Amino acid sequence: MSELSKKARNRTRVQMVLTMLVIVSIIRQFFLGNYHNMFLGILTLILFMVPQFIDKKLGVTIPVGLETVILIFIFSAEILGEINAFYVKIPVWDTILHTTNGFLMAAIGFALIDLFNRSDRFSIKMSPYFVAFFAFCFSMTVGVLWEFFEFSMDWFFGLDMQKDWIVPAINSVKLNPTGANIPIHVDVQSVVINGEKWNLGGYLDIGIVDTMKDLMVNFVGAVVFSVIGILYLKHRGKGKLAASLIPQVRDTDAETSEK
């Protein structure tokens with residue numbers, strides 16, 4: 001059996017295992033009467049089909065390694081994060097997923113610009129550094145748009161997608177009695193809300209810390225993939241790690257002529 005066939009079989013096994021776990025989760029939520037989580041499970045199954053859709057409709061082959069990361073990411077975000085509340089139970093869960101999202105969005109951006117770069121219809125050939133830079137910018141743009149979405153859902157629908165943080169101290173020029181542009185440091189031990197004293201060891205920051213943290217780890221994921229992309233373009237066809245993570249644009253004209 002060839003190496004490619006073994007990898008394809010492993011990918012199929014991973015997808016089958018994750019799909020079965022999602023189905024079990026959907027059935028469990030049905031008996032618990034939690035129809036919102038049932039919808040999230042069905043949505044997860046639909047998202048599992050996205051890599052195959054991209055492969056068939058757009059002529060972009062998703063490598064085994066990248067497709068596995070995508071499937072695990074979707075499962076971790078929806079089934080573990082949302083339905084099983086890993087976002088609450090494991091504080092770093094959101095950070096891990098946002099880092100992975102930055103990596104994946106950079107991969108998608110890389111595939112898009114590489115599609116144009118390799119097309120004969122474009123006379124301008126872009127350097128590996130520009131392609132990687134585009135992938136990085138694409139990933140960061142998606143990250144910013146997602147934070148806009150989280151803020152909108154929290155603001156208009158009263159959700160808490162931007163998780164609150166406890167801030168133990170304030171540094172603000174607003175607290176300077178002289179009006180000078182010099183911040184005054186104040187340690188926050190407790191706050192009073194509607195007459196009720198909250199001993200949280202600080203005050204509740206509504207979203208800004210979570211947003212900035214998410215964008216910073218998105219930045220890390222985007223940079224990591226961009227570096228991998230540069231190495232791949234400089235040594236196209238070499239390196240197993242890059243080949244397993246870089247989407248491949250198929251030559252549709254060549255496939256048509258062969259048929």
Side-chain angles (χ1 to χ4, degrees), residues 40 43-55 57-63 65-82 86-87 92-119 126-157 159-163 207-233 242 244-249:
L40 290 178
L43 176 63
T44 302
L45 294 178
I46 295 173
L47 292 175
F48 276 0
M49 296 186 290
V50 170
Q52 295 179 4
F53 174 83
I54 294 175
D55 184 274
K57 299 297 182 180
L58 302 182
V60 177
T61 300
I62 307 297
L66 182 61
E67 183 173 344
T68 301
V69 172
I70 292 174
L71 295 176
I72 294 176
F73 172 80
I74 295 171
F75 181 84
S76 300
E78 298 297 332
I79 304 302
L80 298 181
E82 294 290 347
F86 274 36
Y87 288 124
V92 298
W93 195 254
D94 185 60
T95 300
I96 294 172
L97 292 184
H98 273 280
T99 306
T100 306
N101 180 70
F103 185 90
L104 294 177
M105 290 304 104
I108 293 174
F110 184 94
L112 290 174
I113 194 65
D114 194 40
L115 171 63
F116 293 112
N117 198 34
R118 298 175 64 183
S119 174
M126 293 162 278
S127 71
Y129 295 99
F130 181 84
V131 174
F133 179 70
F134 176 89
F136 168 80
C137 291
F138 181 87
S139 175
M140 293 304 300
T141 300
V142 173
V144 170
L145 292 176
W146 177 257
E147 294 304 319
F148 286 170
F149 171 75
E150 285 191 347
F151 172 79
S152 299
M153 296 300 290
D154 292 352
W155 184 263
F156 293 109
F157 298 100
L159 301 181
D160 188 21
M161 296 187 71
Q162 294 176 299
K163 296 298 184 287
I208 183 63
V209 174
D210 178 77
T211 296
M212 296 309 300
K213 180 264 300 176
D214 290 346
L215 290 177
M216 284 189 285
V217 296
N218 192 106
F219 174 90
V220 172
V223 167
V224 170
F225 187 91
S226 297
V227 172
I228 294 175
I230 290 174
L231 297 175
Y232 172 78
L233 290 180
S244 66
L245 296 173
I246 303 292
Q248 303 292 323
V249 180

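Source: prediction; values computed, not measured.
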- Query: If you round to the nearest 0.5 Å, how far is CE of Met140 from CG of Leu215?
  - Reply: 5.5 Å
- Message: Please check: side-chain N/O of Asp154 versus main-chain N/O of Met161, any donor-acceptor pairing under 3.5 Å?
- Response: yes
- If you count the non-hydrogen atoms of other residues, nucleotides and ligands that lie under 6.0 Å from CZ in Phe48, is the total more than 12? yes
- Separation between CD1 (Ile62) and CD1 (Ile70), nearest 0.5 Å, reads 5.5 Å
- Message: In the structure I gave you, are the side-chain heavy atoms of Phe103 and Ile228 within less than 4.5 Å of one another anywhere?
- Response: yes
- Quick one: pull up CE in Met49 and OG1 in Thr44 and give me the separation to the nearest 0.5 Å. 11.0 Å
- Query: Do the non-hydrogen side-chain atoms of Asp94 and Lys163 ever get within less than 4.5 Å of each other?
  - Reply: no
- Message: Measuring only between side-chain heavy atoms, which start at C-beta, is Leu104 closer than 4.5 Å to Phe73?
- Response: yes
Please tabulate, for side-chain N and O atoms in residues 128-139, each donor-acceptor pair with protein atoms closer than 3.5 Å (sequence neighbours left out).
unit_1	atom_1	unit_2	atom_2	d
Ser139	OG	Gly102	O	2.7
Ser139	OG	Asn218	ND2	3.3

- Message: Could you walk me through whether Glu147 and Val144 satisfy the side chain to side chain contact (heavy atoms under 4.5 Å, CB included) test, starting with their C-alpha distance in whole Å, then the side-chain angles of each, then the deciding distance to 0.1 Å, before giving a yes or no?
- Response: CA-CA 5 Å; Glu147 294 304 319; Val144 170; 5.7 Å; no
- Query: Closest heavy-atom contact between Gln162 and Phe151?
  - Reply: OE1-CA, 3.4 Å
- Is any side-chain heavy atom of Leu80 less than 4.5 Å from a side-chain heavy atom of Trp93? yes
- Message: To the nearest 0.5 Å, what is the distance between OG1 on Thr99 and CE on Met216?
- Response: 10.5 Å
- Message: What's the separation between atom CD1 in Ile72 and atom CG in Leu97, rounded to the nearest 0.5 Å?
- Response: 11.5 Å
- Query: How many angstroms lie between CD1 in Ile230 and CZ in Phe225, if you round to the nearest 0.5 Å?
  - Reply: 11.0 Å
- Message: Does the plane of the ring in Phe149 sit parallel, tilted or perpendicular to the ring in Trp146? Use 30° and 60° as the thresholds.
- Response: tilted
